[in-house]
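A quick write-up on the structure given underneath.
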Amino acid sequence: MEKSKNIETLAIHGGQHPDPTTGAVMPPIYQTSTYVQEYPGKHKGFEYSRSQNPTRFALERAIASLEGGEYGAAFGSGLAAIDCLLKFLKPGDEIVACNDLYGGTYRLFTKVFSDYGLKFTFVDMSDESWADALGANTKMVWMETPTNPMLNVLDIAAVSAKAKAAGAMMVVDNTFATPYLQRPLDLGADVVMHSGTKYLGGHSDVVLGLLATADKDIADKMYFIQNASGAILGPMDSFIALRGIKTLHVRMDRHCENGAAVAHFLDAHPAVGQVFWPGLEGHNGHEVAKRQMKKFGGMVSFTVKGEGFEKTAEVVSALKVFTLAESLGGVESLAGHPASMTHASIPKEEREKVGVTDNLIRLSVGIEHVDDLLADLEQALDK
Ligand SMILES: *Cc1c(COP(=O)(O)O)cnc(C)c1O
């Protein structure tokens, strides 16, 4: 029985119970590949760690609980979790996805699964006419919100309703928002996907992927593929992710607070062109974000005034508190240059169409003292 429906309590207790053998409050790291059988086929429900592992199970229950689902599954990376969902489909099936996708997701879609007969259509889901792309063979609708790196906000309830009406499975990549800021299953999605590498793990020390659903049929297939394809998360990494999740709400509050300060600072800075952060009044998804999200998150993208790679590269290189690195969602502040880093795998014309220009910088605002973050940005921009 859950102790509460409040996410702050779920982050710590959701799906968790003391270890049955010792009473250990934290789930032990069951670093074992196999389990003893008393008699052939007679065992405690654990046979082999690809199929069952108590530490992984604890993490899987935690994400199910946080997302308001019933079933969770943990994978060796976010992309492995996406790979599992794509294996629900057959040659000829179509997937309609938002056009501002994480670069690795786009690569998996277009460079791997398109060779297996799946057809991908990329649309602007902020424009209602996106639904024209839905057809008889559309089996899955895929969205990310807020999107990476443009921080576009898409209406989960509206898109899910159209996907459902077309008989397609609705998947939301909830990596940027986390269940603390928004819960897609409550808004009509069938499956939530996470790169747990980011905010859920929260400390830049583990790579993992998660799925959560409330649908028993989807869960059966998800567990079948998880076991049959084998891209499971190991027990040690499951433990690290679980420990990270326990402070999710506290970290997210500070990420959001610092994100707001950074966004407003950049918005007022003369060397900055545009600022992309859903909390800004002028942001095109601000109204949807107010309705759909508890707060506006700690991801902020902006352009440096004037075109060109070089000037922008100088700014990100001059940062001292922000670390120049890929990834996001850790306690430390990171700065990235999407065009040459996370989104380099997307062709230049494609990425510029959605706004990933050479002068775009993406910040993952961490939980350091806000004055140090603002001072760092100031000195880098003033150069
Ligand atoms: C990082 C990321 C992924 C991929 O996850 P990995 O853990 O790196 O495999 C997918 N979607 C989004 C939004 C991400 O940020």
Side-chain angles (χ1 to χ4, degrees), residues 59 63 67 72-87 95 97-113 120 122 125 140 142-154 156 171-182 184 189 191-212 226 229 231-234 237-238 240-241 244-245 252 255 259 276 278 293 297-301 325-330 334-338 341-346 351 354 356 360 362-366:
L59 172 63
I63 190 62
E67 288 289 2
F75 299 84
S77 70
L79 286 172
I82 300 173
D83 179 273
C84 170
L85 288 174
L86 293 174
K87 287 175 177 162
I95 297 91
C98 63
N99 62 2
D100 180 13
L101 273 182
Y102 176 73
T105 307
Y106 182 82
R107 183 177 55 199
L108 182 63
F109 285 2
T110 58
K111 297 267 168 64
V112 179
F113 279 93
F120 298 90
F122 299 95
M125 286 183 180
M140 191 176 277
W142 193 284
M143 79 171 348
E144 222 177 279
T145 181
T147 65
N148 178 35
M150 299 313 296
L151 284 314
N152 287 317
V153 175
L154 300 171
I156 298 173
V171 184
V172 177
D173 181 338
N174 203 26
T175 300
F176 269 41
T178 82
Y180 181 61
L181 300 184
Q182 81 192 3
V191 183
V192 176
M193 175 260 144
H194 279 281
S195 168
T197 314
K198 316 295 168 53
Y199 286 109
L200 290 175
H203 297 76
S204 306
D205 51 8
V206 61
V207 173
L208 76 145
L210 296 164
L211 298 177
Q226 182 193 34
S229 279
I232 48 139
L233 188 66
D237 287 351
S238 297
I240 292 172
I245 284 174
M252 288 311 289
H255 282 298
F276 305 94
M293 301 173 73
M299 296 301 299
V300 182
S301 293
E326 292 200 1
S327 200
L328 61 109
L334 299 181
H337 181 249
M341 295 165 67
T342 44
H343 290 61
S345 59
I346 302 179
R351 70 174 186 250
V354 297
V356 183
L360 184 78
R362 187 192 77 179
L363 301 178
S364 172
V365 180

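First listed ligand is number 1; within each ligand, the first listed atom is number 1.
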Checking side-chain contact (heavy atoms from CB on, under 4.5 Å) for the pair F109/L101: CA distance, chi angles, key distance, verdict?
-> CA-CA 10 Å; F109 285 2; L101 273 182; 3.8 Å; yes
Answer with yes or no after comparing the ring centroid distance for Y106 and F122 against a 6.0 Å cut-off, counting only values under it.
-> yes
Below 3.5 Å only, please: the N or O atoms of ligand 1 paired with protein N or O atoms, distance on each line.
{"residue": "ligand 1", "atom": "5 (O)", "partner": "S195", "partner atom": "OG", "Å": "3.0"}
{"residue": "ligand 1", "atom": "7 (O)", "partner": "G78", "partner atom": "N", "Å": "2.9"}
{"residue": "ligand 1", "atom": "7 (O)", "partner": "S195", "partner atom": "OG", "Å": "2.8"}
{"residue": "ligand 1", "atom": "7 (O)", "partner": "T197", "partner atom": "OG1", "Å": "2.7"}
{"residue": "ligand 1", "atom": "9 (O)", "partner": "G78", "partner atom": "N", "Å": "3.0"}
{"residue": "ligand 1", "atom": "9 (O)", "partner": "L79", "partner atom": "N", "Å": "2.9"}
{"residue": "ligand 1", "atom": "11 (N)", "partner": "D173", "partner atom": "OD2", "Å": "2.7"}
{"residue": "ligand 1", "atom": "15 (O)", "partner": "K198", "partner atom": "NZ", "Å": "2.7"}

What distance separates E144 CD from D100 CG, expressed to the nearest 0.5 Å?
-> 7.0 Å
pair L211-Q226: side-chain heavy atoms closer than 4.5 Å | no
Between atom CD1 of I156 and atom CG of N174, what is the distance when rounded to the nearest 0.5 Å?
-> 6.0 Å
Between K198 and Y102, is NZ or CZ placed under 6.0 angstrom from the six-membered ring centre and within 45° of the ring axis?
-> yes
